[in-house]
**Student:** 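Below you will find the structure I want to go over with you.
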Amino acid sequence: QPLETAEAEINERRLLRGSQSYEELRDSFRWPRPARVNLAHDVCDSWAKAAPSRTAIVDLRGETPHAVSYGALRHLSCQVEAWLRSQGVRRGDRVGVLLSQGPLCAAAHIAAWRMGAVSVPLFKLFRHDALQSRLTDSGAQVAVTDAEGAAMLAPFDLALLTENALPAPGDWPAADTGPDDPAVIIYTSGTTGSPKGALHGHRLLAGHLPGVEMSHDRLGVDGDVLWTPADWAWIGGLFDVAMPGLYLGVPVVAARMARFDVDECLRIIRQGAVKNVFFPPTALRMLKAEGARVDGLRSVASGGEPLGAEMLAWGREALGVGINEFYGQTECNMVASACGALFAPRPGCIGKPAPGFRIGVIDDAGLETTGEGDVAIARGAGSMMLEYWNNPQETERKFRGDWLVTGDRGRWEDGYLRFVGRDDDVITSAGYRIGPAEIEDCLLTHPGVATVGVVGKPDALRTEIVKAYVVLKPGAQVAADALQDWVRKRLAGYSYPREISFLDALPMTVTGKVIRKDLRALAAREHSAVKPT
Ligand code: ATP
Ligand code: MG
């Protein structure tokens, strides 16, 4: 395919092009409303037809890098589809995908979508119970996996397809699906409770593009190559990176890295000539802790947890680009983002609403407020889930009138959204409502602090007191009162941590998020262990 045609095609698919301002983009944006849409067509089949030899995936898992074309990706997905059909899989049936980054992982999703079936990404680090609960809940009876995954899935009653058992491909047209027809169930991280399965329709990808493009200062610029250390089993890996890259014709790097490793990360970036990365905050924290420097990047996006102003400053220095922090959740993702190409970042805030998203900060009655409130997203957003799979009660609880309530607290600051904390994490102390994010952010600016989790500890007098659990950097010697002074001098007098404990590590989810509910339970135990005299 001639270069100009390919560039024209990418341009056609990009939302953020030309020189429009943020306000112009926001005000002129309309969600595409196609009557029919199929994800397999969008991310694979359309390219396979127009430019079969174009690189879809750069596979770095073997000894030497290997470019996988759209034609080859389609071939692979048609092999998977032939097997799914042989197993009697029909439209609407769930298909487990237990694979880490790689062509077969993408192909398995694509095969399911082409048939109108519903893919269910599963994480390779899950153990028996985590797999069981998701398989039972989703009702998947077939799964695509590798040899290692086949052993993990052996205890369950599933038909399994592995790489070495691929049949001959067939050639079937894509199912006639509409934007609201189910395509994928993605389970939430389980940071606050049991993971919930967010059921998404075929419009999910289009819903991600504005936020994805913003968080990369536009995407599809000459030479762009996209990678994330996050697994493709999560919304961040699958729909913030892999699928947008495939759709926009930006090569996606697939690499094997079971757990984040700084040296390995730097090697992947060099070997894959990676230009655009989505780093989860924990990956950035590890890079920072090891004093890593990265060259040659054009854009870095991060989100999923508070990042902190300190990290932004470090990123400009060590990564050579501003980090664009974005915000969203499995149920409705990439709703707000920073975008260095469009407006100056505001430390402590998570950017501005992505075009197409109406974000409200609302009170209990569902009315918008100028103060702190619940961050909510108006119905009609492209990436909003259809419902929680198999869970009408939770679905019902998630909405307040026409708003999807995120469960996060925030407030507006000059058009920027400030993240205050998860609703459950907000601390009530002596009549003040205190968000942990700002205090954690402040403590992280202290040179001796590696990681920190701030929670409310029950207190007879003040309802709760601010309690910080701190992990120090190796070799650092810092006293609790030095850290208290650090916060008192920088934030409000009432929000400094009245108690500080030092830990070797914080409780984390498999996706690397601090589990504050476990810290809260620890604080409650500490409280009840001390009986008033
Ligand atoms: P569960 O819903 O199962 O408790 P979870 O909320 O962690 O888990 P995800 O959907 O993976 O599951 O994460 C979304 C949440 O992550 C958001 O609701 C918010 O609390 C947090 N988050 C995402 N981006 C940011 C950000 N930039 N800053 C602060 N928090 C963020
Ligand atoms: Mg959540």
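Just so you know, ligand 1 is whichever comes first in the structure, and atom 1 is the first atom listed for that ligand. Numbering of residues begins at 1 and proceeds along the displayed sequence.
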**Student:** Do the charged groups of D374 and R400 touch, with an N to O distance under 4.0 Å?
**Tutor:** yes

**Student:** With a cut-off of 4.0 Å, which atoms of ligand 1 are near a heavy atom of T330?
**Tutor:** 9 (P), 10 (O), 11 (O)

**Student:** Does some side-chain heavy atom of I434 sit less than 4.5 Å from a side-chain heavy atom of I439?
**Tutor:** yes

**Student:** How close does the nearest protein non-hydrogen atom get to atom 14 (C) of ligand 1, and which residue and atom is it?
**Tutor:** Q329 CB, 3.4 Å

**Student:** Any idea which atoms of ligand 1 are less than 4.0 Å away from a heavy-atom of E325?
**Tutor:** 26 (C), 27 (N), 28 (N)

**Student:** Picking from F239, F357, W31, what satisfies ring-ring contact (aromatic ring centres under 6.0 Å, His included) with H208?
**Tutor:** F239

**Student:** F326 near ligand 1, heavy-atom distance under 4.0 Å?
**Tutor:** yes

**Student:** May I ask whether P306 places a heavy atom under 4.0 Å from ligand 1?
**Tutor:** yes

**Student:** Assess whether a salt bridge exists between E394 and R397, defined as any Lys/Arg side-chain N lying under 4.0 Å from an Asp/Glu carboxylate O.
**Tutor:** yes

**Student:** Both conditions, 6.0 Å and 45 degrees, for the charged tip of K398 above the ring of Y388: are they met here?
**Tutor:** no

**Student:** Starting from atom 17 (C) of ligand 1, what is the nearest protein heavy atom, named by residue and atom, and what distance separates them?
**Tutor:** D408 OD2, 3.3 Å

**Student:** What I want to know is whether G304 and ligand 1 share at least one N or O pair that is separated by under 3.5 angstrom.
**Tutor:** yes

**Student:** Do any N/O atoms on T406 end up under 3.5 angstrom from N/O atoms on ligand 1?
**Tutor:** no

**Student:** Only heavy atoms of K196, strictly under 4.0 Å: list the atoms of ligand 1 that pass.
**Tutor:** 2 (O)

**Student:** Starting from atom 7 (O) of ligand 1, what is the nearest protein heavy atom, named by residue and atom, and what distance separates them?
**Tutor:** T191 OG1, 2.5 Å

**Student:** Listing request: all side chain to side chain donor-acceptor pair (under 3.5 Å) pairs with a residue in residues 300-322, at least two apart in sequence or in separate chains.
**Tutor:** R285-E305

**Student:** Any idea which protein heavy atom is nearest atom 4 (O) of ligand 1, and the distance to it?
**Tutor:** T192 OG1, 2.4 Å

**Student:** Pairs of nitrogen or oxygen atoms closer than 3.5 Å, one from I350 and one from ligand 1: do any exist?
**Tutor:** no

**Student:** Between ligand 1 and P281, can you find any atom pair, the residue atom being a heavy atom, that is separated by under 4.0 Å?
**Tutor:** no

**Student:** Looking at D224 and K275, is any side-chain nitrogen of the basic one under 4.0 Å from a carboxylate oxygen of the acidic one?
**Tutor:** no

**Student:** Do Y327 and ligand 1 have an N or O pair less than 3.5 Å apart?
**Tutor:** no

**Student:** Can you tell which of E331, K517, K513, R422 gets a heavy atom nearest to atom 13 (O) of ligand 1?
**Tutor:** K513

**Student:** Let's go through E413 and R418 carefully: what are the C-alpha distance in whole Å and the side-chain angles of both, what is the deciding distance for salt bridge (charged side-chain N to carboxylate O under 4.0 Å, His left out) to 0.1 Å, and is it a yes or a no?
**Tutor:** CA-CA 7 Å; E413 282 181 23; R418 178 175 286 275; 2.4 Å; yes

**Student:** Any N or O of S189 that comes nearer than 3.5 Å to an N or O of ligand 1?
**Tutor:** yes

**Student:** Name all pairs fulfilling the side chain to side chain donor-acceptor pair (under 3.5 Å) condition that reach into residues 499-509, sequence neighbours left out, sorted by first residue then second.
**Tutor:** K457-E499, K467-E499, K467-S501, T509-T511

**Student:** Tell me whether E464 is salt-bridged to R520, with the criterion being a basic N under 4.0 Å from an acidic carboxylate O.
**Tutor:** no

